[in-house]
Protein chains: 2
Amino acid sequence: MSELTAVAVSVSPADKFREYLTTRGMRLTPERKSVVEEVFSSHEHFDSDQLVDRLSSQKEGKRVSRATVYRTLNEMVEAGLLRKVARSQNRDVYEHDYGYPRHDHLICGKCGSLTEFENAPLAGILEQVATQLGFRVSGHRLEVYGMCAACSRPPRARHRKLDMI
Amino acid sequence: MSELTAVAVSVSPADKFREYLTTRGMRLTPERKSVVEEVFSSHEHFDSDQLVDRLSSQKEGKRVSRATVYRTLNEMVEAGLLRKVARSQNRDVYEHDYGYPRHDHLICGKCGSLTEFENAPLAGILEQVATQLGFRVSGHRLEVYGMCAACSRPPRARHRKLDMI
DNA sequence: GTTATTGCAAACCATTTGCAAGTGT
DNA sequence: ACACTTGCAAATGGTTTGCAATAAC
């Protein structure tokens, strides 16, 4: 078993961030560390405001100013740790882009739930289309709108066809 | 040949808008008419600012205040005439949603330009994925990010130096 | 020391809104 | 008269930025 592999998968978001910061002559300060750790403590989507709240309710000196949160989030996007996934209620929404597989979303118009899915052929199609138009792809965002399984199901027991005869 | 068909396709955006406005007890004022007509005078994507400019440079009394442009654009989205297609340079970008085929976009991260494309297999894939997850699709939004042909080209190549000798 | 970084408050900026004056019926 | 509209200017609200104080190297 390769040690390299073990090492590769064990690079924490904070380490990955430090790596990126170093190449830009920047440091992984306590504030930035707090932000990265808080962000990667849960896989939920979030916006800047929610993150500031979560950082405010921390025990001790973990508080980080709103300005620094914004600045750090931008750096994390640049570093490939986060991705702006959508705009909801006039706010940027982020999700993990590191240690998490690429995926797209089914968005239920009724209950608002997000369902993630992966589809390999998709990327191929996009690449092909883009190439034809001389466009260099760096990423994409795909949101499929409709109604999720739960919301499609009638609230009560389903009507069995036989009952209708 | 059916007259009904002829009538159906001849409904102008302005008429469609008036129809919608009427159902809400609103009127197709000269200002609103100017906006609709300017918007549908070209198939290009546009943002509010560009539209205000276009309306300002009109000959006579066609000028419409910024506030009214914003208000009217929102109504047109509600009426199904326009669609907010993306956010570019921190601005909402609109495109025709009436009398125009469905398509997706390549978005250049450098110059912000939008390129449209149509791809039939795409819808099939989405339908298939969704079905597997019990999701009923009603629509989607796909934005492909990257760099457009013009921006990928080295700066020199853009203006041909030979012409300047 | 020098350079990066933080927090605060102010600035930004696209979009929205309150309101008084105007317009069509 | 009445209800809808407009344009102006002011407000909103998420995000960015200038700057002086602070911390890491």
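Values below: every heavy atom of this structure, side chains too, minus hydrogens, waters and symmetry copies. Within every chain, numbering begins at 1; the chains are lettered A, B, ... in the order of the sequence lines, protein sequences first and strands thereafter.
Salt-bridge check for A/R141 with A/D104: failed, with every basic side-chain N at 4.0 Å or more from each acidic carboxylate O. B/D97 has a carboxylate O that lies under 4.0 Å from a charged side-chain N of B/R102, or vice versa, which qualifies the two as a salt bridge.
Within 4.0 Å of B/N74, counting heavy atoms only, lie sugar-phosphate atoms of the nucleic acid but no base atom. At a threshold of 4.0 angstrom between heavy atoms, the contacts of A/D92 are confined to the sugar-phosphate backbone, with no base atom among them.
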Heteroatom pairs (N/O) under 3.5 angstrom, protein to nucleotides 19-25 of chain C:
none

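Close approach of DNA chain D to chain B, defined as any atom under 4.0 Å from a non-hydrogen atom of the protein, starts and stops at D/dA3 to D/dC8.
Take B/F117 and apply the ring pair (Phe, Tyr, Trp, His ring centres under 6.0 Å) test, not counting sequence neighbours, and it matches no residue.
Toward the 5′ end of DNA chain C lies the nearest nucleotide of A/G25, the other residue of the pair B/S48 and A/G25 mapping further downstream. Positionally, the nearest nucleotide of DNA chain D for B/E31 lies more toward the 5' end than for the other of B/E31 and B/N90.
Atom CZ of B/R66 is separated from atom CG of B/L51 by 10.0 Å, given to the nearest 0.5 angstrom. With rounding to the nearest 0.5 angstrom, the CG atom of B/L28 is 8.5 Å from the CG atom of B/D15.
A sub-4.0 Å separation between OP1 or OP2 of C/dT15 and a side-chain N or O of B/Y70 is present.
No donor-acceptor pair under 3.5 Å is formed between the side chain of B/R136 and the backbone N or O of A/C148.
Put simply, CZ on A/R63 is 8 Å from C1' on C/dG7, counting in whole angstrom units. Distance B/R66 CZ to C/dC13 P: 13 Å, rounded to the nearest Å. The distance from atom CG of B/L51 to atom P of C/dA14 is 15 Å, rounded to the nearest whole Å. The separation between A/M26 atom CE and C/dT2 atom P is 22 Å, rounded to whole Å.
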Evaluate the side chain to side chain donor-acceptor pair (under 3.5 Å) criterion for residues A/E95 and A/H45: first the C-alpha distance (whole Å), next the side-chain angles of each, then the deciding distance (0.1 Å), finally the verdict. CA-CA 5 Å; A/E95 74 175 6; A/H45 298 109; 2.8 Å; yes
Could you walk me through whether B/E31 and B/K33 satisfy the salt bridge (Lys or Arg N to Asp or Glu O under 4.0 Å) test, starting with their C-alpha distance in whole Å, then the side-chain angles of each, then the deciding distance to 0.1 Å, before giving a yes or no? CA-CA 5 Å; B/E31 287 82 1; B/K33 193 148 184 271; over 6 Å; no
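Ring-plane geometry between B/Y20 and B/F17 is classed as parallel, the angle between the planes falling under 30 degrees on a 0 to 90 degree scale with a further cut at 60.
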